[in-house]
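Only one structure is covered here, and it is reproduced in the block below.
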Amino acid sequence: MAAEESDVIRQQPLAAVRVAFDENGVIAVETRGIADLTTQRPVTANVPVRIASISKLVTAIAVMQLVEQGQLDLDTDVSDVLGWHLHNPAFPDVPITLRQLLSHTSSLTDTVDYVLPLDADLQRVLSDPLAWDPAHAPGGYFRYTNFNFPVVAAVMERATGERFDRLVDRLVLEPLSIDACFNWVSCSDAAVARGVVLYRSGKPTKDDNHGARPECPVTPATDGSCDLARWQAGANGAIFSPQGGLRISALDLAKIGRMLLNNGQLGDARILSPASVRLLEEPVWRFDGNNGVTEKGFLCSYGLATQTLATPGPDCRDDPFADGRQRVGHAGDAYGLKSGLWLDRAGQTGVVYFATDVLDADTGLHSAYTRVEEELARGEFFPEQERLSGQ
């Protein structure tokens, strides 16, 4: 017999932040907890945190700018840009495209480690057949795979000659006046000093930097060195963790959400055309019962680095809001952190949230998300007296 809700011991994350917004601005800010246990520094909505897989959405926004500029194409073989033949060894003649990489239909897998040392050769790593799904050709079968995004970053670098983190900074973050960065490299000293430490069961798992810029912000080279001058365009797209390494505050992430709600524009900054925003959000893949892996119902509809909630069907449990309304955005999950950016197009509202030291065992009551995520999504996590409007 399932336990009654009152019988379940509810956890408390170490830190939690929620920002609600609409196309005109922030509606409400809610915060609770500690950003750094060592200093007992409280969390706020303007402290940067490793936001996990929402990074993929920001990467895709930069990709769509390059598509608009004619530097990239969603449907041509990325081998033409990389300068080497990227292919699934089981299907060597089937081209792989940016649309497939961004939508996790490329047939890449995470069977081999996508966290690569600074001096890694992406071409050599992906020549290993273990990196690929031998049963499904590129283009149809969905398997959520972090390794898609180091490849995306390599394609971006080869097309532009720019380093991935600087490219996203120029195309997306700077025009929106966002002090954020991939792997701490280009954030301001002030942002670095107030970063959130990630924890699991009270022990630090990431960014326990004591308020200082990390000595090596990326995975060191195989000889232990950390010289970013070794970077070569497209040789190793994993260096700056495009799949999950964005450090950004909840308030700044809400700017990204507001830009999308406003069809690609925020204030005077036009980031994307309305057509590009629609392309980002339009599902490329929907679960039909046998055309992909849903992660126990967590993923059932996916676009270009965007998830769509809530998908009907008995095998889909992708509605943390529990209201059946369609929303688009992305979730994040890494190192004990859970995060979300969700847009309600019908209501022209959105929400950003994150929590640290979240236990996967604290399962949700009505979805494949954790209970903490459900409560943050629905605005039920913070007691009324803790809610602070307009911060």
Side-chain angles (χ1 to χ4, degrees), residues 2 52-54 56-57 60 74-78 86-114 126 128-152 243-244 278-334 338 340 342 360 363-370 373-374:
S53 286
I54 300 174
K56 294 179 174 70
L57 172 55
L74 290 175
D75 295 311
T76 59
D77 190 339
V78 296
L86 177 72
H87 66 282
N88 182 333
F91 304 93
D93 298 325
V94 180
I96 294 172
T97 69
L98 273 174
R99 192 185 301 272
Q100 293 165 2
L101 292 163
L102 292 168
S103 63
H104 300 283
T105 58
S106 70
S107 77
L108 265 172
T109 75
D110 283 335
T111 308
V112 298
D113 194 355
Y114 57 87
L126 293 182
D128 185 347
L130 290 177
W132 300 90
D133 178 353
H136 300 96
Y141 193 83
F142 176 90
R143 185 187 303 275
Y144 190 86
T145 299
N146 285 289
F147 219 147
N148 284 308
F149 281 77
V151 180
V152 170
Q243 75 283 348
R278 288 193 296 271
L279 268 177
L280 274 177
E281 297 181 1
E282 182 180 359
V284 174
W285 167 85
R286 289 186 181 88
F287 183 58
D288 68 5
N290 57 18
N291 64 342
V293 180
T294 70
E295 304 291 345
K296 299 181 179 179
F298 187 88
L299 292 159
C300 279
S301 183
Y302 205 91
L304 302 180
T306 57
Q307 296 171 245
T308 297
L309 313 176
T311 310
D315 296 317
C316 295
R317 304 181 63 240
D318 59 351
D319 186 9
F321 294 84
D323 59 8
R325 292 174 68 91
Q326 180 174 294
R327 290 176 175 85
V328 66
H330 214 287
D333 177 4
K338 304 286 188 180
W342 302 111
D360 287 329
T363 54
L365 298 178
H366 48 256
S367 74
Y369 290 71
T370 61
E373 292 170 283
E374 290 179 348

Value rounded to 0.5 Å, distance of CG in L98 from OG1 in T76: 7.0 Å
Residues 136-143, side-chain donor-acceptor partners within the protein, below 3.5 Å, at least two apart:
from	atom 1	to	atom 2	distance (Å)
H136	ND1	D133	OD2	2.7
R143	NH2	D133	OD2	3.3

field: Minimum heavy-atom distance L108-A131, with the two atoms named
entry: CD2-O, 3.5 Å
- prompt: Any side-chain heavy atom of S53 within less than 4.5 Å of one from Q243?
  reply: no
message: Less than 4.5 Å apart, side chain to side chain, heavy atoms only: is that true for T363 and T370?
response: no
- prompt: Could you walk me through whether D77 and T97 pass the side chain to side chain contact (heavy atoms under 4.5 Å, CB included) check?
  reply: CA-CA 5 Å; D77 190 339; T97 69; 5.9 Å; no
task: Return the minimal non-hydrogen interatomic distance between Q326 and T308, and the atom names on each side.
output: CG-CG2, 3.6 Å
With a 3.5 Å cut-off and sequence neighbours excluded, list the donor-acceptor pairs that the side chains of residues 293-305 form with protein atoms.
from	atom 1	to	atom 2	distance (Å)
T294	OG1	G297	N	3.0
Y302	OH	H104	NE2	3.2
Y302	OH	H330	NE2	2.7

statement: Correct closest heavy-atom pair for A60 and L280 would be CB-CD2, 3.7 Å
Nearest-0.5 Å distance that lies between atom CD in E281 and atom CG in L57: 8.5 Å
query: With no hydrogens and no angle check, is any side-chain donor or acceptor of D288 less than 3.5 Å from a backbone partner on N290?
result: yes
Spacing of N148 atom CG and Q100 atom CD [to the nearest 0.5 Å]: 9.5 Å
message: For the CG atom of D128 and the OG1 atom of T111, what is their distance to the nearest 0.5 Å?
response: 9.0 Å
field: From N146 atom CG to T109 atom OG1, the distance as rounded to the nearest 0.5 Å
entry: 11.0 Å
task: Any pair with a residue in residues 92-102 that passes salt bridge (Lys or Arg N to Asp or Glu O under 4.0 Å), sequence neighbours left out, goes on the list, sorted by first then second residue, please.
output: D75-R99
field: Side-chain donor or acceptor of D319 paired with backbone N/O of D323 under 3.5 Å
entry: yes
Student check: side-chain heavy atoms of W342 and F321 closer than 4.5 Å: yes
- request: Report yes or no: do N88 and S107 form a side-chain donor-acceptor pair below 3.5 Å?
  value: yes
Minimum heavy-atom distance between G292 and F287, given as atom pair plus value: O-CE1, 3.5 Å
message: Using every non-hydrogen atom in the two residues, find where W132 and P89 come nearest and quote the distance to one decimal.
response: CD1-CD, 3.4 Å
- prompt: Of all heavy-atom pairs between L101 and V78, which one has the smallest distance, and what is that distance?
  reply: CD1-CG1, 4.1 Å
task: Identify which one of E374, R317, E373 satisfies the side chain to side chain donor-acceptor pair (under 3.5 Å) criterion when paired with S367.
output: E374
query: Considering only heavy atoms from C-beta outward, does the side chain of L279 approach that of L74 to under 4.5 Å?
result: yes
task: Measure the CG-CZ distance between D113 and F147 for me, rounded to the nearest 0.5 Å.
output: 8.0 Å
